[in-house]
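Below, chains carry the letters A, B, ... as their sequence lines are ordered, and counting in each starts from 1. Note that the coordinates shown come from a computational prediction; the quantities given were computed from them, not determined experimentally.
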Amino acid sequence: MKPTIPKGTRDFTPIQVLKRNYIFDTIKKVFIKYGYMPIETPTMENLSTLTGKYGEEGDRLLFKVLNSGDYLKKANKEALGDLNSNKLTSSISKKGMRYDLTVPFARYVVMHQNEISFPFKRYQIQPVWRADRPQKGRYQEFYQCDADIVGSKSLMSEAELIQIYDEVFSNLGLNVTIKVNNRKILEGMAEIAGISEKMVAMTTIIDKLDKIGIEKVKEELLKCGISEKSVQIIIESLQIKTLTALGEVLKDSERGMKGIEELNLVHEYLDLKSTTNKVEFDITLARGLNYYTGCILEVVSNDVEMGSIGGGGRYDNLTEIFGLKDVSGVGISFGAARIFDVMTELDNFPKDLEGLLTVLLISESKVDHLEAFKLLNQLRAANISCDLYPEPAKYKRMIKYAINRNVPFVINIENGEYTLKDMVNSGQEKLNMETLIQKLSK
RNA sequence: GUGAUUGUAGCUCAGUUGGUUAGAGCACCGGUUUGUGGUUCCGGGGGUCGCGGGUUCGAAUCCCGUCUUUCACCCCA
């Protein structure tokens with residue numbers, strides 16, 4: 001039998017996991033510094049928690065888990081006979097796999113509302129699953145790293161999340177632009193253009209601007225039934241680069257002006273501490289997710305051509321569907337896989353990743369092998385990451401193994417003497433144990 | 001979900017209009033050589049040609065289905 005893995009999934013090699021952990025650790029450290037606490041939620045949620053939260057498209061992409069036992073016995077026979085999968089599903093599947101971290105978090109907040117003291121700041125790094133067709137940078141299983149604050153309307157949160165983006169990406173050595181906009185500004189635009197009811201359609205179209213160009217955007221707006229005049233107004237607003245200029249256009253929209261005011265306030269906070277990366281107002285930023293209601297954020301790499309490597313925004317009504325009203329939240333997400341790709345392309349990972357072996361011990365004779373085992377334990381007692389080739393073998397073979405394992409140092413034990421070989425700078429010297437330990441511990 | 005695309009050894013790939021026993025490089029194993037750090041040379045194991053049907057005297061090769069890969073759309077991270 002030939003082994004395979006399901007489509008859209010991947011194995012991670014040791015080096016890949018170490019690199020991924022490096023990214024996770026960098027993000028985690030910043031989250032913790034800013035006062036966020038970790039939570040985890042189950043891989044599976046009740047299907048009722050998940051369905052209807054991501055739109056029709058999203059429901060289709062949910063992985064459903066078959067009930068255990070003789071599930072067909074309890075199946076909806078009518079739906080089964082009609083071959084109606086949609087109807088049948090609810091009778092044979094009660095659970096589904098996590099589609100993102102935000103909805104499970106909303107569920108968590110509502111379920112634990114009595115024990116949470118608000119404002120509640122949490123981070124969460126876990127895989128999610130989508131039954132999507134795989135393509136470039138898109139998988140059926142992938143990690144999300146989220147940080148959210150719920151229970152506060154303060155715009156300080158938005159400023160803080162921008163600072164987190166700034167700090168994490170500086171720590172990773174990446175040069176990025178953090179784009180900001182506000183849903184209310186987009187609503188204001190729709191209002192001024194007289195197409196408030198088509199606001200959602202409008203945002204998804206203008207979100208594609210940098211991908212398909214202004215002409216196509218125009219075309220698509222017209223295609224979805226927006227009048228020539230309204231399209232003209234939208235297109236003109238899209239050229240605006242500053243908030244002050246935008247204020248002129250949106251002055252008749254209360255909603256729009258509120259958006260501008262919010263962004264100004266965020267900037268007021270940000271002005272108090274300069275960021276390393278560029279923070280830029282971008283009116284074309286819309287973001288697909290429709291639960292956003294206020295500020296929206298997106299991060300793009302300045303050095304590598306790649307979609308967004310992070311995004312987020314404020315949502316006012318997320319917990320409402322679970323019965324908890326008036327809990328405003330704002331959050332961000334890091335696209336771990338894409339950050340990984342950008343880091344790889346720029347060769348930005350540290351050379352000595354945490355978890356790599358420091359030194360391999362080798363011996364060609366049985367007597368020396370026992371001596372080596374003694375040394376091995378002493379090195380380990382000194383907290384040096386080391387390994388011993390498990391049996392005496394040919395020198396060539398063991399050296400080859402050392403090279404394959406990417407070990408920077410090898411100690412050859414011969415006639416009770418220790419020879420330390422530097423695999424990187426190709427030198428070697430005979431040392432006693434004390435100097436060995438001294439040299440290898442950092 | 002729509003439209004393309006891919007599948008041959010563990011990996012990267014050759015394979016003629018359909019025609020003997022399907023090949024190479026790398027990797028692996030054994031030996032050889034190198035004054036003992038990726039060298040040289042020799043040998044070895046390893047493949048139901050993604051899977052299932054069909055056409056044919058004969059299929060890796062042609063046809064159909066299915067799964068998988070990659071990519072675009074949709075949507076999204």
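At least one test fails for R20(A) against the ring of F340(A): distance under 6.0 Å to the centre or angle within 45° of the axis. The cationic group of R130(A) lies under 6.0 Å from the six-membered ring centre of Y99(A) and within 45° of the ring axis, placing it in a cation-pi geometry.
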Output side-chain donor-acceptor pairs under 3.5 Å for residues 328-338 of chain A, partner residues at least two apart or in another chain, one line each.
{"unit_1": "S328(A)", "atom_1": "OG", "unit_2": "R314(A)", "atom_2": "NH1", "d": "2.7"}
{"unit_1": "S328(A)", "atom_1": "OG", "unit_2": "D316(A)", "atom_2": "OD1", "d": "2.6"}
{"unit_1": "S333(A)", "atom_1": "OG", "unit_2": "D146(A)", "atom_2": "OD1", "d": "2.8"}
{"unit_1": "R338(A)", "atom_1": "NH1", "unit_2": "S308(A)", "atom_2": "O", "d": "3.1"}

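Other residues, nucleotides and ligands place more than 12 heavy atoms under 6.0 Å from the CD atom of E320(A).
At a threshold of 4.0 angstrom between heavy atoms, the contacts of F334(A) with the nucleic acid are absent. As judged by a 4.0 angstrom heavy-atom cut-off over every strand, D146(A) is placed among residues making no nucleic acid contact. Within 4.0 Å (heavy atoms only), I399(A) reaches sugar-phosphate atoms of the nucleic acid but no base atom.
To the nearest angstrom, C1' of C76(B) lies 8 Å from CZ of R338(A). Taking atom NZ of residue K53(A) and atom C1' of nucleotide C75(B), one finds them 19 Å apart after rounding to whole Å. Here G38(B) presents its P atom at 16 Å from CG of N406(A), a figure rounded to the nearest Å. Here the P atom of nucleotide A77(B) and the CG atom of L101(A) are 11 Å apart, to the nearest Å.
Of the candidates C74(B), A77(B), A72(B), the closest approach to any side-chain atom of K136(A) belongs to A72(B). Taking every side-chain heavy atom of R138(A) into account, C75(B) is the closest of A72(B), U40(B), C75(B). Side-chain proximity of N404(A) to U36(B), U33(B), C28(B): nearest is C28(B). Of the listed nucleotides (G31(B), C74(B), U69(B)), G31(B) has the atom at the smallest distance from the side chain of K394(A).
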